[in-house]
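Below you'll find the structure, written out as C-alpha cells, and then a few comments.
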Protein chains: 4
Amino acid sequence: MPKVSDDYKERKKASLYESALKCFGEKGYQSTTIDDITAHSQTSKGLFYTYFKSKEELYISLMDERTNHTLSRLNESFKTISSAKEKVHELFSLYKKASLTEEWRNFIRVQIEFWVHSPRLERARDVVTSRYEDLYTGMISRIIEDGKAAGEFKQEIHADVVANLFWAFIDGICMHYSVVGENYAYEAHFKATEEMIMNYILIQPEKQKA
Amino acid sequence: MPKVSDDYKERKKASLYESALKCFGEKGYQSTTIDDITAHSQTSKGLFYTYFKSKEELYISLMDERTNHTLSRLNESFKTISSAKEKVHELFSLYKKASLTEEWRNFIRVQIEFWVHSPRLERARDVVTSRYEDLYTGMISRIIEDGKAAGEFKQEIHADVVANLFWAFIDGICMHYSVVGENYAYEAHFKATEEMIMNYILIQPEKQKA
Amino acid sequence: MPKVSDDYKERKKASLYESALKCFGEKGYQSTTIDDITAHSQTSKGLFYTYFKSKEELYISLMDERTNHTLSRLNESFKTISSAKEKVHELFSLYKKASLTEEWRNFIRVQIEFWVHSPRLERARDVVTSRYEDLYTGMISRIIEDGKAAGEFKQEIHADVVANLFWAFIDGICMHYSVVGENYAYEAHFKATEEMIMNYILIQPEKQKA
Amino acid sequence: MPKVSDDYKERKKASLYESALKCFGEKGYQSTTIDDITAHSQTSKGLFYTYFKSKEELYISLMDERTNHTLSRLNESFKTISSAKEKVHELFSLYKKASLTEEWRNFIRVQIEFWVHSPRLERARDVVTSRYEDLYTGMISRIIEDGKAAGEFKQEIHADVVANLFWAFIDGICMHYSVVGENYAYEAHFKATEEMIMNYILIQPEKQKA
DNA sequence: GATGAATGAGCGTTCATTCAT
DNA sequence: TATGAATGAACGCTCATTCAT
C-alpha cells in the first residue's frame, strides 16, 4: 500500500496523536505502551516508528503541537475583541466552555504530567519554557499592558505577575477538576476566580463615586 | 525489647520514606526503582519488602503519611490564632516560607504527580479524596465559615468555593514554581494571590468610610 | 525490446551487488539492512525483492558471483604466462597491487565474514566448498603439478598442501591487514611470504653450483 | 539465594563465558541471543545482566579474557625452553595439538569473527590492537630477536615481519580449518608451514659445508 | 531478621518481508 | 514495473517481586 497521499499520512499521524493523547490521559505516559497506542489507532507497532522516532519524540511533539494549536486558537479569538477587559473575560469563557468535555480533562491530565516530567526531559523543558514561559504568559502580559495603557486596568499592577497568576490559577483549577471529576463545581470556581482577578486589575467605577 | 525493636523499625521505615520521597521527586515515581530507594537508604531490597507490600503500597502510604503530617502541622499553627483573617494570612506565610527550600519543591513535584496519577490508582484516589477533599478543604472551609460568623468575611461568599480555590491557587503556583525553578518570583505571586483572596472575602472597612 | 530490458535489469542488479558489497564491508552482513542497500543503490525495497528472494540469497549469490569473477580474472592473467614459477609470482603481484585500494580491503572483510558464516548457512557452505576448495585450490594445485612436471618445482612437495597453504597465507595476511589497517606493512609481508613459498617449492640451482 | 560466595559467582560467570563462546561459535555473535546463552547456562535472562552490562560487554570481556589466558599459557610454555628455535617449534606443536578439538575450532571461529567485527566496535578495536598488536606479535618478535642474538637465526630477517607473518599464517590456516572442517589436513599444513618459516629464519648448517 | 541472587513478564525498538496501488 | 506502507516476530534490556541462605 505504497505511494500514499500526504493527506493520508497527515491523517494517520493525527490519529496516532489522538490515540496517544487518549492513552496518556488514561494510563499516564510511562504506563502507556506503544501497543496501547497502535491498538487504539488500529495500526501496527512497526508503522508507529515510521511516523515517530521514539515514544519520547511522540510525547514531545504531541505536546508541542497541542500547545501551539491552543495558542493560535486563543489568539484567533482575540482578533475581534479590542477591549483588554473583554479579552480576559473571553479567556475565562473559553476555559469554562472547554472544561465541559471529558476529552478536555484528559488533555489537562496529560499536560500536567508533561509539566511535572519536564524538568527531567531536556526536550520537554524546551517546549515548556519556550511555549509556556514565552508565549502563553507573554500573550496575557501584553493584554494587561494594553489594558493599562487604555486606562482599563490599574497602573500599579505588575503585568507579569498577573499573567503568571492567571495561568497558575487556571492550571490549579483544571488540575483539581481533572482529579476530582464531575463533582467539582468548576463553573462556580471559574466565576469566582474571574471576579478576584478582575477586582485586582480593574479600575473600580464605584471608587469614582466616592 | 519489643520497644527498642519497634523504634528501630520505625526509624528504618522513616528512612525509606525519606529516600523514596527524594527519589520520586528527582526521577518520578515510575522511573524510581526499588534499588534506587534502598541504595539511598543503605538497606537491601529484601528488607524493603518486609516493610512494604509493594512499590505502590509505599507510594500510597508515603503520601498518606505526609499529607496527614502537613495537615496536623497546619492545625497546630492555628491553635494560637483566633481571628479567621489571621489564619488565612498564616497559611500564606507558611507556604511562602516553605517555598524557599529545594526539599519542599521536591515534595511538591511528588505531590502533584501523585494527584495526577490518583485517578488511575484506586487506593490513591481514596487518599486524595479523603485527605484533600475532606480534610484540607474542610479545614479552610471551616475557617471561612468562622470568619463569616465573626463578621470578618462577607456573608455572600461560598466557603466551599473559596476553600477549593485557595488550594487550587496554591497548587497552581507551586506547580509552576516547581517547573520553572529559581526564576519564578514566588514571593510576589503569593503576595498578589493573598491580596486577591483577601479582597474577595474581607469586608472592606475603608470603603464604608469613603 | 527484451534486450534493452534485460540490459537494464542487469545493470540494476549489478548496482545492488555493488551497494551490498559496500555496506556489508562497512557494517557487516547482519547489521546491514535492506534499506541501507537500496538507499545506496537509489532504488526501492520492493524492487530489491524482484531481484533477490531474500537478503540471504543476495549474500550467497553476491559472493558466488565475485568469487567466480576473481577466479576468471586470475585464469585470464595466466593465459600469457607459461612458466609455473612465473604464475606463482604473478599471483603475489596481483594481490600486492590489489591491496592498495580501500575497496579491496572492504571486499576482503566481506569475504572473511562470509567464510566464517558459511558453516552456518547451507548454501554458503556450498559456495565456499565448491568455489574455494575445488576451483581456487585446484587452480594452484594444477600450477604446482605443472611446475613439478616441468622440473621447476621439487618433486617431494605436495601440490595440495602448498595450494591450501598459499590461500591460507594470503587470507591470513589479508585478514590482519584489513583489521590493522594502514600501519600494516603488507608489501614487506607479501614479499617475505613469496620468498618462503618459493624457497619451499623451487629447485634451488645455486645450491648445486656451490 | 543471597550472600553467595565469590567462588560461586566466579563459576557462574565462567559458565556464562563458556556458554557464550559455544553459542557465538555455533550461531555467530549477532545471531546468538541472550536467551541462547542463558538457556545453555541454565540461568535466567535477568541474572545475565547482573554479570554483564550488555551483550557487547560480554563479547569484549570474553575475548579479552580468552586472549589473555592464551597468552599467559604460551608464555608459561616458554619458561623451560631456552633456545629460540625450540620456542618456535613449541608454538607450532601447541597449535597442532589444540587444533584437534572441535572446541578449539569453535574458538577460532569466534576469534576471527571478533577480529573482523573489531573495526566497527571501538572497544573491540582496543582489545585487538593492544593484545594482538602489542603482546602476541611482541612475544614472537622478541623470540626472533633472541634467536638472532644467539646466532640461531639469520641476521638479515626482520623480526617484526616474521612475527606478523607467523600469526597471519596460523590464523589463515585455522580459519580455513574451521571452515573446511574434518577434511582439512591441518597436521600436514602446520608441518609444511613450520618448515617454510624455519627455512626462512634458521641459519642452514649445510651452507657451512659449502 | 537481613541479604541479594534469581526470575521472567513486559516494553521499546528494529527489520526482513509482503503486497496494495 | 516500481514503490514504500504495513506487518509482526524477535531481541536487548529492565525491574518488581520472591525466597533460599
Side-chain angles (χ1 to χ4, degrees), chain A residues 1-5 8-9 12-13 30-39 41-59, chain B residues 5 8-9 12 30-39 42-59, chain C residues 5 8-9 12 30-39 42-59, chain D residues 1-5 8-9 12-13 30-39 41-59:
Chain A
M1 198 192 286
K3 275 274 139 133
V4 138
S5 70
Y8 174 88
K9 277 156 95 169
K12 265 262 124 124
K13 195 163 185 176
Q30 307 249 26
S31 301
T32 296
T33 69
I34 305 294
D35 275 333
D36 288 334
I37 297 169
T38 52
S41 241
Q42 306 198 61
T43 30
S44 65
K45 225 199 291 245
L47 194 62
F48 177 92
Y49 284 93
T50 70
Y51 285 96
F52 303 101
K53 239 178 63 256
S54 66
K55 188 183 170 188
E56 188 180 312
E57 201 238 36
L58 157 73
Y59 194 33
Chain B
S5 175
Y8 175 80
K9 273 161 95 171
K12 269 268 131 159
Q30 305 257 19
S31 300
T32 296
T33 67
I34 305 294
D35 275 337
D36 287 334
I37 297 168
T38 52
Q42 309 199 59
T43 25
S44 67
K45 244 196 297 231
L47 197 61
F48 177 93
Y49 280 92
T50 68
Y51 287 102
F52 303 103
K53 228 177 74 258
S54 68
K55 189 185 171 186
E56 188 179 311
E57 200 238 41
L58 157 73
Y59 195 31
Chain C
S5 174
Y8 174 81
K9 273 161 96 171
K12 268 269 129 151
Q30 306 255 20
S31 300
T32 296
T33 68
I34 305 293
D35 275 337
D36 287 334
I37 297 168
T38 52
Q42 308 198 56
T43 25
S44 67
K45 244 195 297 230
L47 199 61
F48 178 93
Y49 280 92
T50 69
Y51 287 101
F52 303 102
K53 230 177 73 255
S54 68
K55 189 183 170 186
E56 187 180 311
E57 201 238 39
L58 157 72
Y59 195 31
Chain D
M1 197 193 285
K3 274 275 140 133
V4 138
S5 70
Y8 174 88
K9 277 155 94 169
K12 265 262 125 130
K13 195 164 185 174
Q30 307 249 26
S31 301
T32 296
T33 69
I34 304 295
D35 276 334
D36 287 335
I37 296 168
T38 51
S41 241
Q42 305 198 61
T43 30
S44 65
K45 221 199 297 241
L47 194 62
F48 176 92
Y49 285 92
T50 69
Y51 286 97
F52 303 101
K53 237 177 66 256
S54 67
K55 189 184 170 187
E56 188 180 311
E57 201 239 34
L58 157 73
Y59 194 32

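Computed from a predicted model, the values in this text were never measured in an experiment. Protein chains get the first letters and strands the later ones, always in sequence-line order, with residue 1 at the start of each.
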Could you give the [atom1]-to-[atom2] distance, from [X] to [N], as a whole number of Å?
| X | N | atom1 | atom2 | result |
| --- | --- | --- | --- | --- |
| D/Phe48 | F/dC15 | CZ | P | 17 Å |
| A/Lys13 | F/dA5 | NZ | C1' | 15 Å |
| B/Asp36 | F/dT14 | CG | C1' | 12 Å |
| A/Gln30 | E/dG10 | CD | P | 18 Å |
| D/Asp35 | E/dA9 | CG | P | 11 Å |
| D/Ile34 | E/dC11 | CD1 | P | 20 Å |
| A/Tyr8 | E/dT21 | OH | C1' | 12 Å |
| D/Leu47 | F/dC15 | CG | P | 17 Å |

Exercise for the section: Would you indicate what C/Thr50 reaches in the nucleic acid, counting non-hydrogen atoms under 4.0 angstrom: base, sugar-phosphate, or nothing? Expected result: nothing
Calculate, to the nearest 0.5 Å, the distance between atoms [atom1] and [atom2] belonging to [X] and [Y] respectively.
| X | Y | atom1 | atom2 | answer |
| --- | --- | --- | --- | --- |
| B/Ile34 | B/Ser54 | CD1 | OG | 8.0 Å |
| A/Lys13 | A/Phe52 | NZ | CZ | 5.0 Å |
| D/Thr50 | D/Lys9 | OG1 | NZ | 8.0 Å |

Completion exercise
Of B/Gln42 and C/Thr32, the one whose nearest nucleotide on DNA chain E sits closer to the 5' end is B/Gln42
Exercise for the section: Report yes if at least one side-chain N or O of A/Tyr49 is closer than 4.0 Å to OP1 or OP2 of E/dT14; otherwise report no. Expected result: no
Problem - Residues in contact with DNA chain F, drawn from residues 51-59 of chain B - heavy-atom cutoff 4.0 Å - result: B/Ser54, B/Lys55
Fill in the blank from the handout: Stems with DNA chain E, 3 or more Watson-Crick or G-U pairs in a row (under 3.5 Å), are E:2-21 with F:2-21
Problem - Residue pairs, two or more places apart or on separate chains, that pass salt bridge (Lys or Arg N to Asp or Glu O under 4.0 Å) and touch residues 42-59 of chain A - result: A/Asp35-A/Lys45
Exercise for the section: Show the numbers, then the answer: is there a side-chain contact (heavy atoms from CB on, under 4.5 Å) between C/Thr38 and C/Leu47? Expected result: CA-CA 9 Å; C/Thr38 52; C/Leu47 199 61; over 6 Å; no
Practice task
Tell me which of D/Ser31 and A/Lys12 sits closer to the 5' end of DNA chain F, going by the nucleotide each one is nearest to.
Solution key: A/Lys12
Exercise for the section: Assess whether one donor atom and one acceptor atom, taken from the side chain of A/Lys45 and the base of E/dT13, lie less than 3.5 Å apart. Expected result: yes
